[in-house]
There are 2 protein chains.
Amino acid sequence: MKILIADDDPQILRALRITLGARGYDIVTAEDGAAAINAMIEHHPDLVMLDLGMPRLDGQAVIEGLRGWSQVPILVVSGRTGAADKVQALDAGADDYVTKPFSIDELLARIRALTRRLATTDDEPVVLLGAVTVDLSAKQVTRNAAGVAETVRLTPTEWLILGVLLRNPGKLVTRQSLLTEVWGPHHVGDTGYLRLYVGQLRKKLEADAAHPRYLLTEAGMGYRFSP
Amino acid sequence: MKILIADDDPQILRALRITLGARGYDIVTAEDGAAAINAMIEHHPDLVMLDLGMPRLDGQAVIEGLRGWSQVPILVVSGRTGAADKVQALDAGADDYVTKPFSIDELLARIRALTRRLATTDDEPVVLLGAVTVDLSAKQVTRNAAGVAETVRLTPTEWLILGVLLRNPGKLVTRQSLLTEVWGPHHVGDTGYLRLYVGQLRKKLEADAAHPRYLLTEAGMGYRFSP
DNA sequence: CCGGGTCCTAACGATTCCCTGACGGCTGCA
DNA sequence: TGCAGCCGTCAGGGAATCGTTAGGACCCGG
């Protein structure tokens, strides 16, 4: 479980990194709003903790920016206690709002509450593609060739693409949504690398990469995982 | 949007019913834990607001009971401000925790935040055309021929035309409106390709393309989807 | 400094899609 | 009967998209 913490106070960042790290979370930090957006694109965390008063890009703007292309749970941690601030942040797309100073136990409980739905609704532990089994949560692929189990290695980008496709079985996934979910919102036209990675995935997963059975392409629209 | 409010204080119940009712929510109330469970079974609300200190069945027990069989969002509204209480409720399955006294604006914002995810599930209907099923949101067409499901592929332009027709069941769709919705507003008069694509759609969807049953043509006017 | 791995760019045939033009069938009317 | 619209179909060329290969930029652990 990866958490992105964005706060302009290095002390708070350090304390949270230690506290949450001890609970088994992977921690990524950012010291301003722009860095938070970049970290989001780079690390794809499962949850974002945001301070509101940050330089370069205000927390409020970060929420609005993220919500344009990501559904990641957002937990605002702010010193502003006014109802108007809370309403503004929540309506912009934040999922919860905690005021400083906060109880660390309560914060942890709210993190668990926010991530619980992902953990339970995203329970697609293992997907079968013919002789290949894909375990999304364990990030492991094994191919069963002639009775011999053999592990296949995927790169991080390949995992991201495969994850989006496998989480929408049977549904068409637009090139555009694939690009924004993997590379962030600032990719409009160029599709060169997407074709490349899909080709590599087919080489690793399909029995016959030239005639794919599971990772289908819909010309002019996008790709589809056919279970 | 239906909300179940469980609180043992009739005054609070009345105030919340009026306030939330004015915002357009349907309100169901319960004055103790057991009644809350019963109301949940009877009314299937979209959100539950729970007080912790209730007679007959404590709010904590209600959360645990509900979570055994329902994923409904639970918002705890309690006078207990201790971190231990919050942790206990959140870990039992509550999604948010607000302490009394609360700002009504903040409460409303948190309700919107909790119900937002449900609302964004796009539900474009699945349309049945005899042995062919069309899923507009998944962009998928399957033909059920002699018990064997077979997928039919449509091109982007075919999807656009079919979408316009299927979203207006029974209604006549003018050639002109079809042209503008698919090719933009700068197409007047020319209808050659429209006939072509409708013909291809019939070939892929109709049992007998020469005598269409669903994609009907109105001479001189346009086309009509007859469900 | 050097390999290994990942990410991305650039270019090429090959495939698919879109649109044009032409032809034949049907209906209504002079 | 001939003619004029309108509709459905077929074939083909141009354009966009797709799959693939090759190679450079970058990071990182020997």
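Atom set for the values below is all heavy atoms of this structure, side chains included, hydrogens, waters and symmetry mates excluded. In what follows, every chain begins at residue 1, and chains take the letters A, B, ... in the order their sequences are listed.
- If you run side chain to side chain contact (heavy atoms under 4.5 Å, CB included) between A:I3 and each of A:D46, A:L47, A:L75, A:D26, only A:L47 comes through.
- For the pair A:Q200 CD and C:dT6 P, the interatomic distance rounds to 9 Å; values are reported in whole Å.
- Across the protein-nucleic acid pair, B:W159 atom CH2 and C:dC18 atom P stand 13 Å apart, rounded to whole Å.
- Close to C:dG5, at under 4.0 Å from its OP1 or OP2, lies no side-chain N or O of A:T155.
- Of the candidate nucleotides D:dG19, C:dC19, D:dC7, C:dC19 has the atom nearest to the side chain of B:W183.
- Note on A:Y193: every side-chain N or O is 4.0 Å or more away from OP1 and OP2 of C:dT6.
- For A:M221 and D:dA16, the CE to P distance is 18 Å, given to the nearest whole Å.
- When the P atom of C:dC7 is taken as reference, atom CG of A:L154 falls 11 Å away, rounded to whole Å.
- For the pair B:R195 and D:dC6, the criterion of a side-chain N or O lying under 4.0 Å from OP1 or OP2 is not met.
- Between B:L201 atom CG and D:dC7 atom C1' there is a gap of 16 Å when expressed in whole angstrom units.
- Look at OH on A:Y197: it is 6 Å from C1' on C:dC8, rounded to the nearest Å.
- Across D:dC7, C:dC17, D:dC10, the shortest atom-to-atom separation from the side chain of B:R175 is found for D:dC7.
- Nearest nucleotide to the B:L196 side chain, out of D:dT9, D:dT20, C:dC7: D:dT9.
- Residues meeting the side-chain hydrogen bond (donor to acceptor under 3.5 Å, both in side chains) test with A:D95, sequence neighbours left out: A:R67, B:R117.
- Between the side chain of A:N168 and the main chain of A:K171, no donor-acceptor pair closer than 3.5 Å is present.
- When each of D:dG8, D:dC7, D:dT17 is scored by its nearest atom to the side-chain atoms of B:Y223, the top-ranked nucleotide is D:dG8.
- No side-chain donor-acceptor contact under 3.5 Å links B:R143 to the backbone of B:L205.
- With C:dT6, D:dT21, C:dC19 as the candidates, the nucleotide lying closest to the side chain of A:K203 is D:dT21.
- In this entry the distance linking CG of B:L178 with P of D:dC7 reads 13 Å, nearest Å.
- For the pair B:E158 and B:K204, the minimum side-chain heavy-atom distance is below 4.5 Å.
- Nearest nucleotide to the side chain of B:R202, out of C:dT6, C:dC18, D:dG8: D:dG8.
- For the pair B:H211 NE2 and C:dC26 C1', the computed distance is 12 Å after rounding to whole Å.
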